[in-house]
Amino acid sequence: MLATLAFLTAALLGLFVVCNKLALSAPLLRQLLRSVHPPASDYTALTPAISDRHNSSVLFYMPVGCTFDPHACGYFRGCSAAYKFCDQSSDNRDNNSRTSMCDVNLPGSFDYQTLADKNQAIIRDMCSKKMYEQYDVFVKVDDDLLFDPEHTRDVLSRLDLPPLSLLGYLHRRESGLIWLNGFFYAFTSDLLRKLCHSENALLQIRGKFEDVAFAMAVKRIYNVCYYNLDDLLHFHHVSYKSSRLIIQFIQYGSCRPKL
C-alpha cells in the first residue's frame with residue numbers, strides 16, 4: 001500500500017513538473033506551430049547539378065540582434081549549427097548567456113531599420129579575416145529558419161557550382177534586379193572575395209532591406225551565376241502577422257541601440 005502511494009505521489013509530482021514546463025514554453029510552441037511556410041521562387045533560374053562527392057566546405061552564418069533568445073536557440077537545429085555575428089545591441093537583455101554564444105561581436109548597434117548595414121559589417125568582418133580562403137560556400141540563415149543543417153550542408157557541399165555563384169529562392173523586381181529571400185541564401189567564396197575587393201559594391205549593402213541590398217551589391221559584380229534551390233532544399237520559415245517578432249514575442253521596436 002505504502003509503495004503504491006509513493007509511486008502515485010511521484011507520478012503526480014512528475015506530471016506537475018511536465019505541465020509546468022509546457023505552460024512556460026506555451027508561447028514558444030504557439031509561435032512555432034502558428035505559422036510556418038516553405039520558401040518558393042517566382043523567378044526561374046537554373047538548378048545546380050549534384051555530384052556524388054563532397055567537394056565544398058560550407059559555413060552557416062547568422063546575424064544575432066537584441067531580440068534573439070539564446071535559450072530558445074536549441075529549438076532550431078540550424079540556429080545551433082550557425083556561426084553567430086552579434087552587435088552591441090545584442091546584449092540589451094540577458095547579457096551573459098547571449099554574449100557567451102556569440103562567435104563574433106561586431107562594433108556598433110543595429111536595429112530593424114539598419115539590417116543591411118549590419119550585413120555589411122558582417123561581410124567586412126569576413127573580408128578582414130579572409131574567410132573566403134577557409135570555406136567554399138557561405139550560407140546566410142535567419143535565427144527563426146526551420147531546417148536540418150546536416151542535410152543542408154550535405155546537399156550544398158555536393159553541388160557542381162561554377163565561379164561566382166549565388167543560390168537561393170529568387171525573385172525579380174520590375175527594375176530587373178534579381179534578389180533572394182533573406183532568410184536563406186548562399187554564395188561561393190570567390191563571390192565573397194570579389195565583394196571584399198569592391199568598396200563600391202559593399203557600400204550598396206545598407207538600409208532596412210538586407211536581402212535586396214545584398215542583391216544590389218552582387219549586381220556590381222559581373223558574370224554572377226544565379227541558381228534556384230526550390231527543387232533541392234525544403235524547409236520552413238516562421239512568418240509573422242505584423243512587425244517581426246522573435247521567439248518570445250519581443251518586438252524590434254523594443255530594441256534600443258546603446259548611446
Side-chain angles (χ1 to χ4, degrees), residues 39-43 45-46 48 58-65 68 78 82-87 104 106 108 110-132 135-145 147 152 156 159 161-230 233 235 237 244 252:
S41 303
D42 59 20
Y43 172 75
L46 297 174
V58 177
L59 175 71
F60 297 107
Y61 73 92
M62 176 185 297
V64 172
F68 182 76
Y83 193 81
K84 298 173 183 62
F85 288 88
C86 303
D87 63 77
V104 174
L106 300 169
F110 304 91
D111 58 22
Y112 192 56
Q113 302 300 320
T114 56
L115 293 178
D117 297 81
K118 183 171 182 176
N119 195 34
Q120 181 187 140
I122 290 173
I123 297 297
R124 289 188 183 277
D125 185 84
M126 291 179 171
C127 295
S128 68
K129 297 172 181 175
K130 296 184 177 180
M131 295 183 74
Y132 46 74
Y135 298 93
D136 300 309
V137 178
F138 295 84
V139 187
K140 186 265 180 178
V141 294
D142 277 358
D143 55 12
D144 52 3
L145 184 68
F147 74 105
T152 305
L156 293 175
L159 296 181
L161 297 173
L164 303 178
S165 291
L166 181 63
L167 311 92
Y169 299 87
L170 306 178
H171 305 274
R172 189 167 190 164
R173 287 190 160 187
E174 292 181 0
S175 63
L177 178 70
I178 301 172
W179 60 282
L180 312 95
N181 275 331
F183 49 77
F184 184 100
Y185 57 81
F187 49 93
T188 52
S189 59
D190 52 353
L191 181 52
L192 174 60
R193 185 192 294 266
K194 286 277 189 180
L195 289 172
C196 292
H197 290 87
S198 175
E199 183 66 15
N200 188 31
L202 288 175
L203 290 176
Q204 301 298 313
I205 312 176
R206 58 187 179 182
K208 176 180 178 179
F209 301 104
E210 169 261 326
D211 41 12
V212 175
F214 185 78
M216 293 176 64
V218 169
K219 191 176 180 180
R220 301 292 178 120
I221 309 299
Y222 295 104
N223 300 318
V224 173
C225 299
Y226 293 85
Y227 290 99
N228 273 336
L229 291 174
D230 297 63
L233 292 172
F235 40 74
H237 184 233
R244 181 190 188 282
Y252 266 103

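Numbers for residues simply follow the sequence, beginning at 1. Since this is a predicted model, take the numbers as computed values, not measurements.
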T188 and D190 side chains, donor-acceptor separation under 3.5 Å: yes
D211 side chain to N181 backbone, donor-acceptor under 3.5 Å: no
Could you give me the CA-CA distance, side-chain angles and deciding distance for F138 and V58, then say whether side chain to side chain contact (heavy atoms under 4.5 Å, CB included) is met? CA-CA 6 Å; F138 295 84; V58 177; over 6 Å; no
For L195 and A201, work out which heavy atoms get closest and say how close. CD2-CB, 4.0 Å
Check whether D111 reaches the backbone of Q113 with its side chain - one donor and one acceptor, N or O, closer than 3.5 Å. yes
Would you name the heavy atoms of R124 and L203 that are closest together and state the gap between them? NH2-CD2, 3.9 Å
Just by modelled atom types, is the V64 backbone N or O under 3.5 Å from a matching donor or acceptor in the K118 side chain? yes
CZ (R172) and OH (Y226) are apart, to the nearest 0.5 Å, by 9.5 Å
Nearest heavy-atom contact between S198 and I221 is CB-CD1, 4.3 Å
Which atom pair, heavy atoms only, marks the closest approach of S165 to P162? OG-O, 2.7 Å
Relative to each other, are the rings of Y61 and F187 parallel, tilted or perpendicular (30° and 60° limits)? perpendicular
Any non-hydrogen side-chain atom of L191 less than 4.5 Å from a side-chain atom of V224? yes
Worked verdict on E199 versus R220 for salt bridge (Lys or Arg N to Asp or Glu O under 4.0 Å): CA-CA 10 Å; E199 183 66 15; R220 301 292 178 120; over 6 Å; no
What closest approach, in Å, do V141 and A82 show between heavy atoms, and which atom pair accounts for it? CG2-CB, 4.2 Å
Kindly give the heavy-atom pair with the smallest separation between F110 and A121, and that separation in Å. CZ-CB, 4.0 Å
Taking Q120 for the side chain and L202 for the main chain, is one N or O donor matched with an acceptor at less than 3.5 Å? yes
Do N119 and F85 come within less than 4.5 Å of each other through their side chains, counting heavy atoms only? no
Run the side chain to side chain contact (heavy atoms under 4.5 Å, CB included) check on L177 and M216 step by step: do they pass? CA-CA 7 Å; L177 178 70; M216 293 176 64; 3.7 Å; yes
